[in-house]
S.K.: 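Shown below is the structure under consideration.
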Amino acid sequence: MTVGGINQLANENKLVLFDDTFSYYTETKKGSKEIILDKTGLNTYRVQKYTDGDSPIPLNGIVLSTGAKTTAEVETFLMQLETGETVTLLEPVEKKEEILANAINPTAESNPAGAPFDGFRGPDQLIVYNRSFGETTKTNAYGYEITVEDGFVTKLGGGGSKIPDNGFVVSGHGIAAKWLSSHSIIGAKVTVDGNGTVRIIQDVDSFAFQSEQAIHQARTSIEKAKANYLDVSLEQAENSIYKAELRLSEAEALKEKDPFLALDVTRQATQLAYDAYYYSMPSNVAEQRAIWYRPEETTLEGVKQVLDRMEEAGFNSVYLETTFHGYTIYPSKIMEQYGLPAQHPRFENSEYGPYGKDLLDAYVKEGKKRGLTVQAWTDGFMVGESSLGTPPQFKVYPEWAATQRQNTTGKPVPDSSSKYYWLDIAQPDVQKFMLDIYKEMQMNYGIKGLNIDYMRYPHHDFEKSYGFSSKTRTLYKEETGIDPYTLNPSTNPEEWEKWTTWLRVKENEFVEKLHDQSKEINQKFMMTATPEPGPEAVLISDWKDDIDGVIPQAYGHDFNSIQKTVQDSKKLMPDGTMYYTGIYSFYHHLSEMASVNDVISAKHGTSGVNMFAFGQASAPSVDALGKGPWREKAVNPGEEPIKAAHVVLKEMETQISKIYIEQGAIYKREGKDLKQSFNELNKILKRNPTQMEKEINSVLQEVDNLIEKNRLESIVGVRMKEQLAEVKGWVDYSLNHQKK
């Protein structure tokens, strides 16, 4: 039976193979027919069991999957397999795929479907760009690109890619992006003929090229670590690269005799080179490493398994979705008081041992055992979607529903675009209900913060705009004498602006009330916001006095794209705001290497990273993060800024003795003096943090003097200054956000 696709969610009418590079689960729809197989040899697998979709993918194993709607041939093949039976996977040593590009070096005239879009790349299009087009593709981040040099793929992913002189870039959006990402690897051979047909070939040479590139990358990273006096796991890195080169030599010898075995050994070499690269990275002692997660577990063992995997990756904070689809994940007394279901139906029959049916309690206390704190991620005023029927709130309180102008039914109706249901933020009763829920979570559980999501009305044009429930119209009329339904931005622009501003103020008032309530309970409690790109992100400055941290959502997967998102957001908020970067590596099923590079890019200039989402995490990516940038435990500066400052200063002392003096980056006497300065800073931090700014400025001057006198390598001095700036920022954050 021929495999019709690898790691593809569209599994109808074909046989799809899922491996552990995709995720921990297949994420397929219920009703699928799937078989889980464990690996037993080079290309042999043993049938473990049948499932009906969303199957767990074994480490190094596979899942064979087909949809509820499938062919008789595929269904017969799967159904005749018996538990314990051996299946052989005959992978071709050469794979060829081709597709006709929509355009080469498009213009608005030559490719009208792409005219309104960046890089003239339209929806679902595949475009080829060479140097005749310009220096970059000029595309946005909502696609996938491969860079081809001298016939080989040398870079995957991203937008706005640089076009090489010795090659080209193939860029896809939507369906074309999925095709491109499914068939491309580093080292794949790519050609484009005169008709625009793109051909991608993967063979043993491709994987050998990939391995050579990985070894080169690791060697470069190791040399950089040495030259820059970085604190990394050099011994492990060099040992891994030694093994990688041995494996690659073995593969070369096997290529003619046993190409399939050669392919397997080449992949082993690549993985070892990847490991060497990860070990050559420094691992910070203070940063947020957070993961968004919507829980599904109904047993304590399931909770423990998820948290164990998070710990393996190095995460130190879980942004756990505590409310979704109008329900709480824990048994809520507040929900009961309002006559609503106490808990999400998914968890009604769950059992978490000593935690009973309380999933949130299980996550908080089991997470603490593993060094993971929990922040509550909530869906705010978005309480359901059309496919799930009317949310519980609207069955009891239909008047609470936010209403679009075009909705004249008098009933709760989902959003005309997103199909989500929304609570009406402007209504005092709705605000009180939500405040009561958040207070219950904070008072009854050891959560460290609240990540607010969906805290504004959806932004639509006039006819689809929100705020037209009977209650809200009445409130506005009582204040202004005007029924907002009679207003029109074309005929009453000034009055329309006053109306939309009034709604915006109501949104802001709720966030202010939530801030005041949270800080009254616990001044260290952290409030963060995750604005969507667009109006939400632009309006974030409205909340500058009410939130402690901002997590801009960076959808791109290259340094420039990620950093642009972060820096644009930072311009809107005051200094002292805690910043993390939200990245989508797992959600987009990026490779382990791409996920690690996303994390490095996202951390730059911020105090950490939030990854979306653990439901799509894969074992190789978890392993890579745990070997690389998150190898060592880290204090979370948003939750414990003073402790984070302490450990960084202590680490700076240690690095002077362990690395800088020993390797000649600083003279011994000056090194001891500087070490003493860091030690004094730590003492002052314990005694009186308010003096830290003055004392840090003094030490910064000391570092500058040493650099100027050539008594301290500038690369190390600059790093010290960056570390001291972080310490100063965290102390300022503590004084401004965590003190009454």
S.K.: Crowded around E708 CD? As in, over 12 foreign heavy atoms under 6.0 Å?
M.R.: no
S.K.: Only one of K675, E670, M720 passes side chain to side chain contact (heavy atoms under 4.5 Å, CB included) with Y660; say which it is.
M.R.: M720
S.K.: Does N316 reach the side chain of T373, with side-chain heavy atoms less than 4.5 Å apart?
M.R.: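 Counting from C-beta outward, N316 and T373 never come under 4.5 Å.
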S.K.: Identify each donor-acceptor pair in which a side-chain atom of residues 562-573 lies under 3.5 Å from a protein atom, sequence neighbours left out, and give them as a table.
M.R.:
from: Q563; atom 1: OE1; to: Q567; atom 2: NE2; distance (Å): 3.3
from: Q563; atom 1: NE2; to: S601; atom 2: O; distance (Å): 2.8
from: Q563; atom 1: NE2; to: H604; atom 2: O; distance (Å): 3.0
from: K564; atom 1: NZ; to: D568; atom 2: OD2; distance (Å): 2.8
from: T565; atom 1: OG1; to: S561; atom 2: O; distance (Å): 3.2
from: S569; atom 1: OG; to: Y579; atom 2: OH; distance (Å): 2.9
from: K570; atom 1: NZ; to: G605; atom 2: O; distance (Å): 2.3

S.K.: Would you compute the distance between atom CG of L700 and atom CD of E695 and round it to the nearest 0.5 angstrom?
M.R.: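 Those atoms lie 11.5 Å apart.
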S.K.: Does a donor on one side chain and an acceptor on the other come within less than 3.5 Å for D704 and Q701?
M.R.: no
S.K.: Specify the closest pair of heavy atoms between A613 and I291, including all atoms of both residues, with the distance to one decimal.
M.R.: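 Taking A613 first and I291 second, the nearest heavy atoms are C-CD1, 3.8 Å.
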S.K.: Take E713 and I666, measure what side chain to side chain contact (heavy atoms under 4.5 Å, CB included) needs, and give me the verdict at the end.
M.R.: CA-CA 6 Å; E713 289 285 348; I666 189 171; over 6 Å; no
S.K.: Are any of the side-chain heavy atoms of E512 and W543 separated by less than 4.5 Å?
M.R.: no
S.K.: Examine the side chains of T378 and Y438 and answer whether a donor and an acceptor come within less than 3.5 Å of each other.
M.R.: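 Short answer, yes.
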S.K.: Could you walk me through whether Q375 and E639 pass side-chain hydrogen bond (donor to acceptor under 3.5 Å, both in side chains), step by step?
M.R.: CA-CA 10 Å; Q375 297 216 22; E639 296 174 5; 3.1 Å; yes
S.K.: Is a salt bridge present between E507 and R504, judged by a nitrogen-to-oxygen distance below 4.0 Å?
M.R.: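 Looking at E507 and R504, the cut-off is not met.
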S.K.: So does K683 pair up with E680, basic N to acidic O under 4.0 Å?
M.R.: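 A salt bridge is present here (some side-chain N lies under 4.0 Å from a carboxylate O).
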S.K.: Has N697 got a side-chain atom pairing as donor or acceptor with E693's backbone, closer than 3.5 angstrom?
M.R.: yes
S.K.: Between Y319 and Y293, is a side chain to side chain contact (heavy atoms under 4.5 Å, CB included) present by the stated rule, with each step listed?
M.R.: CA-CA 6 Å; Y319 279 50; Y293 183 57; over 6 Å; no
S.K.: Rounded to the nearest 0.5 Å, how far does CD of Q738 lie from CE of M526?
M.R.: 8.0 Å
S.K.: With a 4.0 Å cut-off on N to O distance, would you call R289 and E287 a salt bridge?
M.R.: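 Salt bridge: yes.
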S.K.: Under 6.0 Å between ring centres, would you say that holds for F614 and W292?
M.R.: no
S.K.: Report the distance from atom CE of M578 to atom CG of D548, rounding to the nearest 0.5 Å.
M.R.: 8.5 Å
S.K.: Test K369 against E366 for salt bridge (Lys or Arg N to Asp or Glu O under 4.0 Å), laying out the working first.
M.R.: CA-CA 5 Å; K369 294 176 184 178; E366 289 295 326; 3.0 Å; yes
S.K.: Is there a side-chain contact between R669 and K672, using heavy atoms and a 4.5 Å cut-off?
M.R.: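 Not touching, per the 4.5 Å side-chain cut-off.
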S.K.: Flag this pair as yes if the NZ/CZ of R711 is under 6.0 angstrom from the six-membered ring centre of Y667 and inside a 45 degree cone about the axis; otherwise no.
M.R.: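 R711 over Y667 ring: yes.
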S.K.: Heavy-atom count check: over 12 atoms from other residues, nucleotides or ligands less than 6.0 Å from Y587 OH?
M.R.: no
S.K.: Anything under 30° is parallel, anything over 60° is perpendicular, the rest tilted; go ahead and classify Y274 against Y278.
M.R.: tilted
S.K.: Got M455 and E536 here, is their nearest side-chain heavy-atom distance under 4.5 Å?
M.R.: no
S.K.: Is there a donor-acceptor contact under 3.5 Å linking the side chains of S233 and R631?
M.R.: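 The criterion, which ignores hydrogens and geometry beyond distance, is satisfied for R631 and S233.
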S.K.: If you measure only the distance, is there a donor-acceptor pair under 3.5 Å linking the side chains of E149 and T154?
M.R.: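 There is such a pair between these side chains.
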S.K.: Could you report the tightest heavy-atom contact between V232 and S280, atom names first, then the distance?
M.R.: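 For V232 and S280, the tightest heavy-atom pair comes out as CG1-O, 3.1 Å.
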S.K.: Using a distance-only test with no angle check, is there a side-chain donor-acceptor pair under 3.5 angstrom linking Q271 and E592?
M.R.: yes
S.K.: For the residue pair Y584 and F612, does the interplanar ring angle fall in the parallel (under 30°), tilted (30 to 60°) or perpendicular (over 60°) class?
M.R.: tilted
S.K.: Is the count of non-hydrogen atoms from other residues, nucleotides or ligands lying under 6.0 Å from K633 atom NZ greater than 12?
M.R.: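 Correct, the count exceeds 12.
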S.K.: Any non-hydrogen side-chain atom of T690 less than 4.5 Å from a side-chain atom of V731?
M.R.: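 The answer is no, as the side chains (C-beta and beyond) never meet within the 4.5 Å cut-off.
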S.K.: Is the NZ atom of K603 crowded by more than 12 outside heavy atoms at less than 6.0 Å?
M.R.: yes
S.K.: Do Q442 and L450 have side chains that get closer than 4.5 Å, going by heavy atoms?
M.R.: no
S.K.: If you measure only the distance, is there a donor-acceptor pair under 3.5 Å linking the side chains of Q288 and N610?
M.R.: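 Q288 vs N610: donor-acceptor pair found between side chains.
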S.K.: So which heavy atom on I540 is nearest to which on A529, and how close?
M.R.: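 Answer, listing the atom of I540 first, then A529: CD1-CB, 3.9 Å.
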S.K.: Tell me whether the NZ or CZ atom of R294 lies within the 45° cone about the ring axis of F324 and under 6.0 Å from its centre.
M.R.: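 Output yes; distance and angle both within limits.
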S.K.: State whether the side chain of E145 and the backbone N or O of S161 hold a donor-acceptor pair below 3.5 Å, judged by distance alone.
M.R.: yes
S.K.: I need the minimum non-hydrogen distance between S714 and I707, along with the two atoms involved.
M.R.: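 S714 and I707 have their closest heavy atoms at CB-CG2, 4.0 Å.
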S.K.: Return a table of donor-acceptor pairs under 3.5 angstrom between the side chains of residues 616-627 and protein atoms on other chains or two or more places apart.
M.R.:
from: S618; atom 1: OG; to: S621; atom 2: N; distance (Å): 3.4
from: S618; atom 1: OG; to: S621; atom 2: OG; distance (Å): 3.2
from: D623; atom 1: OD2; to: K627; atom 2: NZ; distance (Å): 3.0
from: K627; atom 1: NZ; to: D275; atom 2: OD1; distance (Å): 3.3
from: K627; atom 1: NZ; to: D275; atom 2: OD2; distance (Å): 3.0

S.K.: Is it true that a side-chain atom of S283 and a backbone atom of E632 form a donor plus acceptor pair closer than 3.5 Å?
M.R.: yes
S.K.: Please round to the nearest 0.5 Å and tell me the distance separating atom CG of L674 and atom CD1 of I656.
M.R.: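 Atom-to-atom, L674:CG and I656:CD1 are 4.0 Å apart.
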S.K.: Any Lys/Arg nitrogen of D732 or K728 sitting under 4.0 Å from an Asp/Glu carboxylate oxygen of the other?
M.R.: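 Salt bridge present between D732 and K728.
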S.K.: With side chains defined as the heavy atoms from C-beta onward, is the minimum distance between K721 and L724 less than 4.5 Å?
M.R.: no
S.K.: Apply the test side chain to side chain contact (heavy atoms under 4.5 Å, CB included) to residues T147 and K162: give CA-CA distance (whole Å), side-chain angles for both, the deciding distance (0.1 Å), then the verdict.
M.R.: CA-CA 8 Å; T147 302; K162 183 178 180 181; over 6 Å; no
S.K.: Crowded around D575 CG? As in, over 12 foreign heavy atoms under 6.0 Å?
M.R.: no
S.K.: Would you say the side chains of N451 and T530 form a donor-acceptor pair under 3.5 Å?
M.R.: yes
S.K.: Strictly below 4.0 Å, N to O, side chains only: are R456 and E532 in salt-bridge contact?
M.R.: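 Here R456 does not pair with E532 in a salt bridge, since their nearest N and O are not under 4.0 Å apart.
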S.K.: Quick one: do E509 and K513 make a salt bridge, cutoff under 4.0 Å?
M.R.: no
S.K.: Are any non-hydrogen side-chain atoms of K448 and S317 less than 4.5 angstrom apart?
M.R.: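 Contact flag for K448/S317 side chains = no.
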S.K.: Does Y733 form a side chain to side chain contact (heavy atoms under 4.5 Å, CB included) with I642? I'd like the steps, not just the answer.
M.R.: CA-CA 9 Å; Y733 170 82; I642 297 299; over 6 Å; no
S.K.: Classify the side-chain pair Q723/E651 by whether it contains a donor and acceptor separated by less than 3.5 Å.
M.R.: no
S.K.: Would you confirm whether S221, through its side chain, and Q217, through its main-chain N or O, come within 3.5 Å as a donor-acceptor pair?
M.R.: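 Such a contact is absent between S221 side chain and Q217 backbone.
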S.K.: Taking atom NE2 of H216 as the centre, report whether more than 12 heavy atoms of other residues, nucleotides or ligands fall under 6.0 Å from it.
M.R.: no
